[in-house]
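The next block holds one structure in the form of structure tokens; read it before the comments.
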Amino acid sequence: MAHSVAEQIGKLRAELRRHEYLYYVLDQPEISDDEYDRMMRGLRELEQKHPELITPDSPTQRVGGKPREGFVKVRHSSSMLSLDNALDEGELRDFDRRVRELVGGAPYRYASELKLDGLSMAVHYEDGLLKLAITRGDGEEGEDVTGNARTIRALPLRVEAPAPRFEVRGEVIMLLKYFEQLNAERERQGLPRYANPRNSAAGSLRVLEPRITASRKLDYCAYLFLVDGRPYYRSHWESLEALARLGFKVNSNRALCGDVDELLAFCANWEQRRDELGYEIDGVVAKVDSVAQQDALGWTSKAPRWAIAYKFAARQQETIVENIEVHVGRTGALTPVAHLRPVSVGGVTVSRATLHNEDEIGRLDVEIGDTVVIERSGDVIPKVVRVACKGKSRRPFRMPKQCPVCGGDVVRAEGGAASRCMNTNCPARLKESILHFSARGVMDIDGMGVALVDQLVDQGLVKSVADLYDLTAAQLIELERMAEKSAEKILANIQRSKQQPLARVLNGLGIPFVGERTAQILADTFGDLDKIADAGEETLQTAEEVGPKVAESIGRFFRESHNKALVERLRRAGLQFTHKARPAEGGALAGKVFVLTGTLPGMTREEAKAKIEAAGGKVTDSVSRKTSYVVAGETAGSKLDKARTLGVAVIDERTLMEMVGG
Ligand SMILES: [Zn+2]
């Protein structure tokens with residue numbers, strides 16, 4: 001009897017999977033939604049009577065589990081770096097010229113795909129079952145969003161696998177029709193609209209409640225098939241075809257281009273036809289098709305040399321400037337923002353555009369009431385390109401003399417374009433500076449969002465970023481919508497931020513003209529925050545890319561007494577003021593390549609990596625014949641298996657410590 005129920009369940013699941021595939025992957029449903037729902041109900045009833053027969057890959061199990069507290073960070077099997085961009089035909093031809101030179105006369109082709117405007121996600125399968133889904137994150141490390149990813153119906157929970165463990169990379173997108181539905185619904189509920197489909201896809205994937213993700217009807221298009229972080233097939237095209245064969249959704253608007261002219265034709269065709277698609281694209285991705293040639297071309301520090309993202313030109317639209325208001329930023333700069341009559345630009349509603357500063361307003365000769373041309377490209381804030389028609393009752397914008405947030409004096413520096421609020425304690429400046437300090441890619445304090453920062457500043461709990469390190473659970477719990485658990489989590493995230501490297505601390509300080517890149521250069525060059533603070537402007541300029549303007553700004557920042565006090569408090573809080581030693585030339589581990597796997601008993605992977613690098617060794621993500629040692633901890637997985645297969649030496653933490661002489 002049980003046998004026949006199992007059979008019945010198996011049959012229903014197979015049928016449901018087939019219809020999911022037809023509907024969500026191929027967009028060719030054979031049955032009505034009602035019929036589908038009826039079959040699903042039938043399966044659910046059978047499973048309820050026989051819970052011992054429920055398996056994680058059953059179509060009833062897409063939305064399951066409890067809401068989560070937060071997301072765990074997971075390292076990628078290999079980097080998910082972003083691609084270099086080509087902004088026009090010339091740049092694309094330059095790219096092709098470099099490829100041609102580097103492949104040394106061998107023939108090559110480009111696998112060309114539409115660049116979907118979504119967010120990348122890696123999905124890992126084991127024994128054919130979906131086990132883990134990770135957002136791209138910073139490319140090295142993302143967030144475990146498995147529970148939410150399972151609700152994406154285009155993503156199979158079960159695959160007839162060609163390898164025991166594999167990874168699929170692809171793009172999570174939201175179709176324009178669902179995006180519009182979602183925004184209409186949010187407006188009904190009095191919630192703010194999402195700016196574009198990509199933001200809403202990202203927001204939907206990162207909610208803590210899988211049921212909400214399920215309701216958002218996200219889509220997933222696969223583009224890469226990896227085993228142990230490496231392409232499994234010999235060419236990118238083969239990878240795409242295999243993915244489609246395995247039941248993944250692969251965008252069908254793709255082509256194998258024999259040369260750069262064919263590639264350009266492909267780009268031009270889709271740039272013209274992008275509005276025919278039910279989803280947003282912002283360009284074309286072209287990859288040298290052969291994986292052997294990809295390997296030969298290799299990578300720069302930032303991106304592969306064998307791939308390029310060709311970006312489409314920005315999109316324009318006309319609308320009316322209803323008002324011009326100022327926004328106070330973290331440096332105190334007042335930015336005029338045009339409030340526009342909402343207009344759809346390529347499927348996205350735009351209601352604001354930046355006007356940058358007074359000079360820009362003068363250059364455009366734009367006034368309130370004018371009809372203007374606005375332009376949107378990617379996720380950049382839309383901007384006003386020109387005035388199309390002067391309004392009949394236009395009135396000019398005047399930069400306020402007082403800060404709209406704190407009432408402090410607004411001053412425009414001699415020779416500068418920006419007007420600034422001079423009150424260093426201006427709450428607007430403070431809030432922005434805390435948000436910048438806490439941002440992802442800077443000090444990475446998860447949970448430190450606008451709502452929390454508003455409360456912290458408004459209630460006087462935080463008067464500078466250093467105050468973050470003195471916050472207590474008791475203070476946080478007093479705040480609105482703050483449970484004990486989330487308070488603890490935020491405090492833990494604040495504590496963890498103390499481990500962020502010097503370059504991020506420098507970036508976090510918000511020194512004018514010192515962003516991520518300059519901060520990294522300063523950290524690399526001087527290695528120590530005090531050396532940077534004490535260096536004269538001349539010394540600072542010995543660093544690459546640091547000119548007189550940047551050097552002066554750094555000097556001025558560290559001379560100001562309240563910044564000196566801030567730096568001292570951050571030092572006492574235990575932030576990283578020195579740069580971790582760069583790989584020593586000729587260290588004990590020079591020339592040795594390590595792979596870390598599993599949980600080490602006495603240190604984190606980051607610490608192990610730092611120790612190896614300090615001794616001149618290199619740490620990579622995947623095991624190959626070039627690997628010298630695999631350092632295995634508890635619950636080491638596939639990398640350990642691979643090491644054994646390849647005959648790579650496996651060592652434990654203690655042996656590693658002996659090798660680095662610690
Ligand atoms: Zn102010």
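Any value given below was found using the heavy atoms of this structure, including those in side chains, with hydrogens, waters and symmetry copies removed. Ligands are counted one by one from 1 in listed order, and the atoms in each one are counted from 1 as well.
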Checklist line | Set of side-chain contact (heavy atoms from CB on, under 4.5 Å) partners for V405, sequence neighbours left out | finding: V328, C403, C426, P427, A428
Note to self: Applying side-chain contact (heavy atoms from CB on, under 4.5 Å), can you list everything that pairs with A451, at least two apart in sequence or on another chain?
What the structure shows: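 Per chain and number, A451 pairs via side-chain contact (heavy atoms from CB on, under 4.5 Å) with no residue.
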Check: Is it true that the side chains of Y469 and S497 contain a donor and an acceptor less than 3.5 Å apart?
Finding: yes
Margin query: What I want to find out is whether R412 reaches D359 closely enough, with some N-O distance under 4.0 Å, to be called a salt bridge.
Written below: yes
Next item on the list: Look at R496 together with D444 and state whether they make a salt bridge at an N to O cut-off of under 4.0 Å.
Entry: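 The answer is no: the pair does not qualify as a salt bridge.
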Checklist line | the Zn ion (ligand 1) neighbourhood, protein N/O/S only, threshold under 2.8 Å | finding: C403 SG, C406 SG, C421 SG, C426 SG
Name each donor-acceptor pair under 3.5 Å that joins a side chain in residues 530-540 to protein atoms two or more places apart or in another chain, with its distance.
{"from": "D530", "atom 1": "OD1", "to": "R571", "atom 2": "NH2", "distance (Å)": "2.8"}
{"from": "D530", "atom 1": "OD2", "to": "R571", "atom 2": "NH1", "distance (Å)": "2.9"}

